[in-house]
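Notes follow the structure.
Since this is a predicted model, take the numbers as computed values, not measurements.
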Amino acid sequence: MSTPRSVVLERLAYTLAAPVLAVAPNVYPDSPVHQIVQWAGAAGIGGWLLAAKSDAHGAGRKILRWSPLVLAAAIDVTAKTTAGWGPWWMDGLLAAGWAAAGYLVMPFSRHARTRHRPALAAPAPHPTPEIAPEEAPRPVDDGADLLTRDARMMWEQAGSPARTHIVKATRHPGMQHDMTLLLRASEPGRPITGLSETAVAAPFGVPAHDVVLMDVAVQPGRQGGPGWLEARITPDANQRRRTKPTPQERWTDKVGGPKGGAPGSELVHHTRDEERGVTFYRAKMADATTTPRIDLAKVCRGLGLPEDDSCVFVLIDGTEFLISAFDKPPLSAIFPATRELLTPDAKGMYVCGYTITGQPVKNMVFQHDKNAARHGLILGVSRSGKTQFFAIDMAAMSLAGQVVWLSTVRKDEKTTVLGKYIDRQGSNALWMARSLRAAKALCEIRAEMPWPHDGEAHDYKPGDPRCPYKQLNVFTDEFMTAAQDAQFGAFIQTDGDDLTVTGLKYGIGLNPAGQSPFAHNGFSTEMKDNLRQNSRPTIFNMGSPAATRKAAEGTMENTYDVPTIPARYAQQEGSAIERAMRGEADPENGVSTGGVAIMVMDNGRAVLMRSLYADFDTDLAELFPEVVNRLTDHEVSELTKRGLWFDWNEPVRPGEFWPEPNDDDDDGDDDGGSRRRDGGGGKGGPKAASNRSEPQIASPRQALEAIRSLSDV
């Protein structure tokens, strides 16, 4: 063992200090060295006293540590008091002895004691006998293959995690490192507990996320249950899955997971239609009792598709759903209307448009299953495609031999063109009120019309050649605006309500169109319910996706997921972030969604479609029959007798809607015209309201009293 540096330095100090102790008192009697040595000796004596008074253990060792200083001071005093070098060179001999004692015996070095010899009172340590670990019983050689033996060796070197044994290791086909381990508990009858993916991954040097633990089912000739476990180690497959996943793997990892766009779903089928430029993802819920919850934006991100609702659509059918991803907006295509598509079949169904998947969507001109006419409800804002839908709907009805009337609030080019191919057409609120009043009167006329085969009156039966009259379809464009007209709005709304209730059994259908299906905008609850139950409501763009969804839900008995109709279809081009960094404008590639509508089918499901296109710039005669269908002579004669059949563009006739004032009326406010009262009685009109002067309101209190006094709200 080498001498510590501290001991070497202490010995060197003794060797150098010894000559100084011998020479300094004899050569330099007045040197300051004597004072330093004397002070050191005094400090040593103080250390002796403190060590002697202390009750702590090791006082003797402390006295020995201070001894060199006290002895050096004693030698210095002796050398100074003796004459010369003293007898027999006593000064030199004392200094040499002091140095030899410190150099050879070393009783004063603290480092020598702590590093070269044990503490004086410390007991000698006794070696503890090592307990040899019990060797686990090695399994009997069962003739396992090389892979299983190598896996067992690495498993046993890791300490057999969770006290398990590898029964068999099977390599996956075509993989270098992927394998499946069949594990069982080392002790029979003990369940495997505490085994984690990390414990399995460590012996084989793979990440923990590449290990999957699975239960083992009972098989013939092999046990199963809690005492068995299967560990699949797949680093190669997971690496390929992360870089180049299959559609099934991408769906499982990114879409069907708990944080995916369709949690709990499984991909059933994935196909690509190159001709139509569309990719289909058909999926279903793993649990047949759950309902699909689809976040289309998350689905697009999971599948690596552009988040564009004009190209990606979802169709839900029970627990299954279909994701359709198109290369280009499918509803931006134009589907021209033809007579072949618009000709109804025996059940009164004709093609009115196509869905995103290219499926034809059919509408009806009468209700074959209910043996009655049909109503219609068309909603949408201006320039959304309502009049285009009017054209194909009227053409289908005309091809079925039915009579069509069209009334609008204001005159426009398209409705004027349609007037050439139908029985009657007008463009103001008065015309609409007269048409509804005449249609309501036709209910009474047809109720008494005898059928030729038995001379009795019957309800309307569509498609029956014995029926003496034709189905009448009354179209009212901008019905909401007309129902709020100051002069004729009350008549329009009242007659419209009556017609929706009683018109179907007499072959008369009402087809209102507007921008709202709610009661405060002219559609009473009774009217809306009858329209919804006896038609296929068609909702075009209502101004915003939220308004469109609300309007569609207002016409559906059971609200399914309602598709979205944006203002324009625009595919995303490039990165919006890069354009913002370069200061470039967004590309103007929008395509109008005019003609795109949501049709509510009979089962309440909403279908997104593009209606057929009727070109008003060309001759519409190709769509309509050569002969315009009109009322029978008997019906015209009866309407004429009631004063309801004439040119409805004429001004209001005296007493037509409200009673004329008496000659002896003393109100003195007659301005030469008819006195109009809201809801005034007339032919086909509601009861007259009481004639009372309107109170003058000059304060909020008077306004409140006037509201409380109302009796006709």
Side-chain angles (χ1 to χ4, degrees), residues 245-257 259-285 291-335 353-359 361 539-541 544-546 548-549 552 560-577 586-587 589-599 605-611:
T246 63
Q248 181 73 44
E249 294 170 344
R250 182 186 290 272
W251 186 279
T252 303
D253 297 339
K254 303 295 184 180
V255 179
K259 297 183 179 180
S265 62
E266 298 176 347
L267 184 64
V268 176
H269 185 61
H270 167 263
T271 184
R272 170 72 180 176
D273 190 339
E274 294 293 346
E275 182 178 355
R276 297 164 57 193
V278 58
T279 304
F280 294 108
Y281 298 87
R282 183 178 181 179
K284 68 175 182 179
M285 302 303 296
T291 303
R293 295 181 294 107
I294 301 174
D295 187 337
L296 197 56
K298 275 190 174 182
V299 172
C300 291
R301 290 193 292 268
L303 297 177
L305 303 173
E307 299 178 36
D308 191 356
D309 56 2
S310 63
C311 292
V312 183
F313 301 90
V314 59
L315 176 63
I316 301 177
D317 185 12
T319 60
E320 291 189 344
F321 58 93
L322 178 69
I323 303 294
S324 305
F326 290 85
D327 298 339
K328 297 181 180 180
L331 296 180
S332 61
I334 302 298
F335 303 102
Y354 290 91
T355 64
I356 56 174
T357 57
Q359 297 174 267
V361 180
I539 300 95
F540 292 86
N541 196 334
S544 68
T548 305
R549 187 177 300 108
Y560 291 71
D561 291 335
V562 179
T564 300
I565 303 179
R568 286 178 176 82
Y569 285 144
Q571 287 185 274
Q572 296 180 357
E573 293 185 2
S575 172
I577 296 178
D586 290 336
N589 57 355
V591 179
S592 172
T593 56
V596 178
I598 299 171
M599 178 170 283
R605 184 170 58 90
V607 175
L608 189 64
M609 70 162 189
R610 177 95 184 199
S611 62

Taken in chain and number order and not counting sequence neighbours, the residues that satisfy side chain to side chain contact (heavy atoms under 4.5 Å, CB included) with Ser324 are Val278, Phe280, Leu322, Phe326, Thr357
Distance (rounded to the nearest 0.5 Å) between Ile294 CD1 and Ile316 CD1: 4.0 Å
Considering all heavy atoms of both residues, which atom of Ile598 and which atom of Ala606 are nearest to each other, and what is their separation? CG2-CB, 3.6 Å
For Ile539 and Ile565, the nearest pair of non-hydrogen atoms, with its separation, is O-CD1, 4.1 Å
Taking CD1 in Ile334 as the centre, count heavy atoms belonging to other residues, nucleotides or ligands within less than 6.0 Å. Is the count above 12? yes
Taking Thr319 for the side chain and Met285 for the main chain, is one N or O donor matched with an acceptor at less than 3.5 Å? no
Rounded to the nearest 0.5 Å, what separates atom CZ in Arg610 from atom CG in Leu331? 7.0 Å
Which residues share a side chain to side chain donor-acceptor pair (under 3.5 Å) with Asp273, sequence neighbours left out: none
Donor-acceptor contact present, side-chain Thr593 to main-chain Val596, <3.5 Å: no
Taking all atoms of both residues into account, what is the closest heavy-atom pair of Val361 and Val607, and its distance? CG2-CG1, 4.2 Å
Sequence-distant partners of Asp295, salt bridge (charged side-chain N to carboxylate O under 4.0 Å, His left out), two or more places apart: none
Return yes if some donor-acceptor pair links the side-chain N/O of Glu320 with the main-chain N/O of Asp317 below 3.5 Å, else return no. no
Does a sphere of radius 6.0 Å around CZ in Arg301 hold more than 12 heavy atoms from other residues, nucleotides or ligands, not counting ones at 6.0 Å or beyond? yes
If I take atom CD from residue Gln359 and atom CG from residue Leu315, how far apart are they, to the nearest 0.5 angstrom? 7.5 Å
For Tyr354, check ring pair (Phe, Tyr, Trp, His ring centres under 6.0 Å) against everything at least two apart and list the hits. Phe335
CG of Leu303 to NZ of Lys298: how many Å apart, nearest 0.5 Å? 13.5 Å
To the nearest 0.5 Å, tell me how far Gln248 CD sits from Thr252 OG1. 4.5 Å
Distance-only check: which donor-acceptor pairs under 3.5 Å involve side-chain atoms of residues 263-271, not counting sequence neighbours?
residue: Ser265; atom: OG; partner: Trp251; partner atom: NE1; Å: 3.2
residue: Ser265; atom: OG; partner: Ala262; partner atom: O; Å: 2.6

Is Asp327 paired with Arg272 through a side-chain N to carboxylate O contact shorter than 4.0 Å? yes
So which heavy atom on Ala325 is nearest to which on Leu305, and how close? CB-CD1, 3.7 Å
Please name the pair of heavy atoms, one in Pro330 and one in Cys311, separated by the smallest distance, quoted to 0.1 Å. CD-CA, 4.5 Å
Set of side chain to side chain donor-acceptor pair (under 3.5 Å) partners for Arg276, sequence neighbours left out: none
Minimum heavy-atom distance Arg250-Pro245, with the two atoms named: NH2-CG, 3.9 Å
